Amino acid sequence: MDLHKLSGWEIAGKIKAKKLSFEEVFDYFHNRIIKFNPQLNAVVRWFDKPLEFNRNSDSPLAGVPIVIKDNICLKGKETTCASRILKGFVSPYDSTVVQKLKNAGLQILGAANMDEFAFGSSCETSCYGPVKNPWDKTRVPGGSSGGSAAVVSAGLSPVSLGSDTGGSIRQPASFCGVCGLKPTYGKVSRYGLIAFGSSFDQIGPFSRDIQDCLYLLNIISGKDPKDSTSVQAEPLKNLSVQDISGLCIGVPKEYFIEGLSEDVDKTIRQALSFFKNNGAVIKEISLPSTEYSVAVYYILASSEASSNLSRFDGIKYGHREKAESLSEVYFKTRAKGFGREAKRRIMLGTFSLSSGYYEAYYLKALKARQLIKEDFKAAFKKCDLMITPTSPTAAFKIGEKLDNPLSMYLSDIFTISASLAGLPALSVPCGFTSQGLPVGMQIIGNYFQEEMLFNLAGFYQKNTDWHKKIPQEYE
Amino acid sequence: MNNFEPVIGLEVHIQLNTETKIFCSCPNSFGDEPNTNICPVCVGLPGVLPVFNQRVLDLGIAVSLGLNCRIAKEFIFERKNYFYPDLPKDYQISQYMVPLGSDGFIEINSRKIKIKRVHMEEDAGKLIHTQNGSLVDFNRAGVPLLEIVSEPDIFSAQEAYQYLNELKLTIQYIGASSCDMEKGFLRCDANVSLRRQGDKELGVKVEVKNMNSFKAVRDALSYEIKRQANVLSKGGRIYQETRLWEENKQKTIVMRSKEEAHDYRYFPEPDLVRFFVSDSQIENAEQSLPELPPAKRKKFREFYKLREKDSEVLISNPKAAAFFEQACRNRDDFQNIANWVIGPLQEALNTSSIGFEEAKIKPADLLKIIDMVADGGLNNIAAKNVLAEVVNTGGDISEIVEKKNLRQVSDESSLEEFARQAIEESPKAVKDFYSGKENAIMFLVGVVMRKSKGRANPKIVKGVIERRLKNAQS
Ligand SMILES: [Zn+2]
């Protein structure tokens, strides 16, 4: 049986009906990782048997295998954020999402490769080497959750978890042709997620089938007493995909700009016509502060990151260089332990917070963030949700942007605004470029309106089959 | 020297005596084995998040109100970034832009010394240096602190000393901290600068650290004021720097100059939400605030009418003051009770090396002893004997008196034999008495007291001996 062509909930159904055992399912995907991972480098650590899980769960994903990003702490296992500095760090505790997965009966297969500390949009900054895009192994899978996107795309796991700070779930979902959701900020506990930009970070699900995404979100979300920024919200109801007539879809004009590839533009417009033909109202809207979003994001997220990464100092855990004095421990360990991009962000953030620059950079960016939130608030008075391209281009070549950070940063230009505002946003595959590379559309909703995103995506998947496409090699 | 006026500001940290730490549920306790009261959160493991302990806010509000501060209706925490091995996250969660309390004062010598701010923050761990290298104990990491910063509104080392005592007393009355400096529950840094008499502008300030007692603060400030005056009067210049007080050498030495000062890169702590303090929360806190030293002093002066010195001794020990007040409830011999509390009771506690909080004696026990002494059932020596026991064991006073056979003997006939023996055995004292040295009789009284094992009523004994001597003479 080709289990990798089934959705997670279909696999769970077969387990429940005793047509499959937990072990058979685990072994099937475990073997696919062993077979395909050497060419993809999407998984950095996999386990011979699943981590202890609840065998009596009645969750709709009970027994389903899952890969989690290497920045989500797993008790008793190394968790490294794909960084040399955390090599050897074994977490003594489970993150809240991992606890919830285990309770819901999911079988954890292993940890996914990523950009070091989630700094990147290509998975090229990992200390384990770059991840390859299953659709074209000369190309990147996107980042930073590129490993999580690639495993689902290549059928090494039915579902996975990533984390999104400025687009780190949505952009790789788009590059790999799978669904990926960044939930509303606060919907999912961050306890156990190794922080990058604390006021942005959210853990979110990847899957091919949108129903899996919804189930997974229901499993991992909820108020957590260990995370003061988490929020209680009702679990989502099952998909309702019958009718979208009258739904008002806003299309922000600032997102259709120079630099947007023709293929992507064409594909998104096709999806928009599809919705229009099915009764949705397509309305041009404006998010005037969009042009500031990349600058604002890189100042704020890097500022938070510079502080969040201070604790990796060689004193308590992880890597430590031999040194003669205390300051030498810090200098040598951090010089050796962090990669180039991590150092760049730490420098940028430290600078933005320094006395004399704080007002001009950090504080100003904080104010601009408020403007961007106001933009969305106004826009959501005029529409129910928004559709934009997830990324200006399809997957680019490995090495193409590595030496040009600015052009790398711009590949997140469409995902960053929703992150700044803390809004939920979903990337759904909606076609291919002329070169056969997947394209994703981003659906942005108002706070805690994930259900609306899923319903629209569900309607789309019911009537299209982009999400069923599997790269040929992994059929 | 006289041309200069010192201007001092004090920065005090106190450890709050909450059950648990400020951002995790580890116990807040002192003196345990290193690294036993720790968890992923207070050790700053990757991925952990702080959760604020509301009890810290309650105590923070109470102390702020006790120091006459305005309470912020809305506050956040901020990160103070610097690298040090005892700081698990290499940043400290503190408050910067908006402190919990601000614009308060402490009144000393009828002058209000302004308090600039009171804010909450987490403590760091502790480095332990050994021959094989340095170790870190994180038990203290995450223990809640209040930082209380005065304005540069203190004008002598003595005033600083008084400010600290009054601050400590206020916090002890509120019950927010024991302020035990030896255990590091209270720490104090000082800023001191000199200016010419009459100048409005402040001079260059020097920060002084490493003072381990209030006396050390006073000594260090006195030293530093003299040092600066000396430099300035010779036309020299004071540099903005941090100096350490060296207790052994009784002098300050340079620790770091301004150029080496940290840039802490404060910014809002994104892992915690904004907090709001409601009016009713402040009102409740105000109402449940205990009587503080100024009000106590007024009451001790005007109601109990104690001698000022006695009043100060009692008030300076909140437990003693509480004991005294409880004892006074249905009585009016306030000064007498105060004398007993400050005198024999305090002595008994000192002898047993215990404080009022550990003592088993209840106010009613002391009253019973006082009354027994007054009506002749117990003499002062026996009373001390009873106190020595009851502070440690508690129990019924009458029973203890009976058990120890301490009831005073005032019956003359029972004392006649002791008196006869004393006179017989002390011919020199008798001779002295007859030669006009009236005081010699006290020696004889002492002999009787010894023979009666302290139980004899000395007044009666004196009468009996006097009568016997006079009778023998005639
Ligand atoms: Zn703890």
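This one's a predicted model, so the numbers in the text were calculated from it and none came from an experiment.
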Would a 4.5 Å heavy-atom cut-off, applied to side chains only, mark B:P40 and A:Y191 as touching?
yes
Around atom CD of A:E324, are there more than 12 heavy atoms of other residues, nucleotides or ligands at under 6.0 Å?
no
Select one option (side chain, backbone, both, neither) describing which atoms of A:F89 are under 4.5 Å from chain B's heavy atoms.
side chain
A:K75 atom NZ, over 12 foreign heavy atoms within 6.0 Å:
no
Is it the backbone or the side chain of A:S306 that comes under 4.5 Å from a heavy atom of chain B, or both, or neither?
neither
From the list B:R265, B:R79, B:K89, B:K80, side-chain contact (heavy atoms from CB on, under 4.5 Å) partner of A:S307 resolves to B:R79
When you look at CD of B:E201, are more than 12 heavy atoms from neighbouring residues, nucleotides or ligands closer to it than 6.0 Å?
no
Quick check on A:K373: does its NZ atom have over 12 non-hydrogen neighbours (other residues, nucleotides or ligands) under 6.0 Å away?
yes
Given heavy-atom pairs under 4.5 angstrom as the criterion, report whether the side chain, backbone, both or neither of A:I72 touches chain B.
neither
Is it the case that the side chain of A:R311 and the backbone of B:P88 share a donor-acceptor pair, with hydrogens and angles ignored and the cut-off at 3.5 Å?
no
Checked A:D227, A:D201, A:L86, A:V329 vs chain B; the most non-hydrogen pairs under 4.5 Å come from A:D227
Determine the option with the most heavy-atom pairs under 4.5 angstrom with chain B, choosing from A:I194, A:L366, A:L363.
A:I194
Would you mind checking which part of A:Y93 comes under 4.5 Å of any heavy atom in chain B, side chain (CB onward), backbone (N, CA, C, O), both or neither?
side chain
Check each atom of B:Y84 against the heavy atoms of chain A and say whether the ones under 4.5 Å are side chain, backbone, both or neither.
both
Residues, nucleotides or ligands: over 12 heavy atoms within 6.0 Å of A:K223 NZ
yes
Does any part of the side chain of A:F312, heavy atoms only, come nearer than 4.5 Å to the side chain of B:D90, both counted from C-beta?
no
Could you tell me whether the side chain of A:S310 and the main chain of B:F83 form a donor-acceptor pair under 3.5 Å?
no
Per-residue tally against chain B (heavy atom, under 4.5 Å) across A:G197, A:S199, A:S95, A:S354 peaks at A:S354
Between B:F267 and A:Y362, how do the two ring planes meet: parallel, tilted or perpendicular, split at 30° and 60°?
perpendicular
Neighbour count above 12 (heavy atom, 6.0 Å) for A:Y298 OH
yes
Starting at CZ of B:F23, measure out to OG of A:S228 and round the result to the nearest 0.5 Å.
9.0 Å
Minimum heavy-atom separation for A:P92 to B:L45, with atom names?
CG-CD1, 3.3 Å
Can you confirm whether more than 12 heavy atoms, excluding those of B:K205, are under 6.0 Å from its NZ atom?
no
I'd like to check B:V136 versus A:K316 (side-chain heavy atoms, cut-off strictly below 4.5 Å). Are they in contact?
no
Toward chain B, the part of A:I315 with a non-hydrogen atom under 4.5 Å
side chain
Check whether any side-chain heavy atom of B:P46 sits under 4.5 Å from a side-chain heavy atom of A:T79, and report yes or no.
no
Heavy-atom pair of closest approach, residues A:T229 and B:P270:
CG2-O, 3.6 Å
Please classify the contact between A:N71 and chain B as side chain, backbone, both or neither, with a heavy-atom cut-off of under 4.5 Å.
neither
In terms of heavy-atom proximity below 4.5 Å to chain A, should B:D271 be classed as side chain, backbone, both, or neither?
both
For A:F196, which atoms come within 4.5 Å of any heavy atom of chain B: side chain, backbone, both, or neither?
neither
If I measure from the heavy atoms of chain B, does A:S355 come under 4.5 Å with its side chain, its backbone, both, or neither?
both
With a 4.5 angstrom heavy-atom cut-off, is it the side chain or the backbone of A:L309 that approaches chain B, or both, or neither?
neither
How about A:F331: does its CZ atom have over 12 heavy atoms from other parts shown lying under 6.0 Å from it?
no
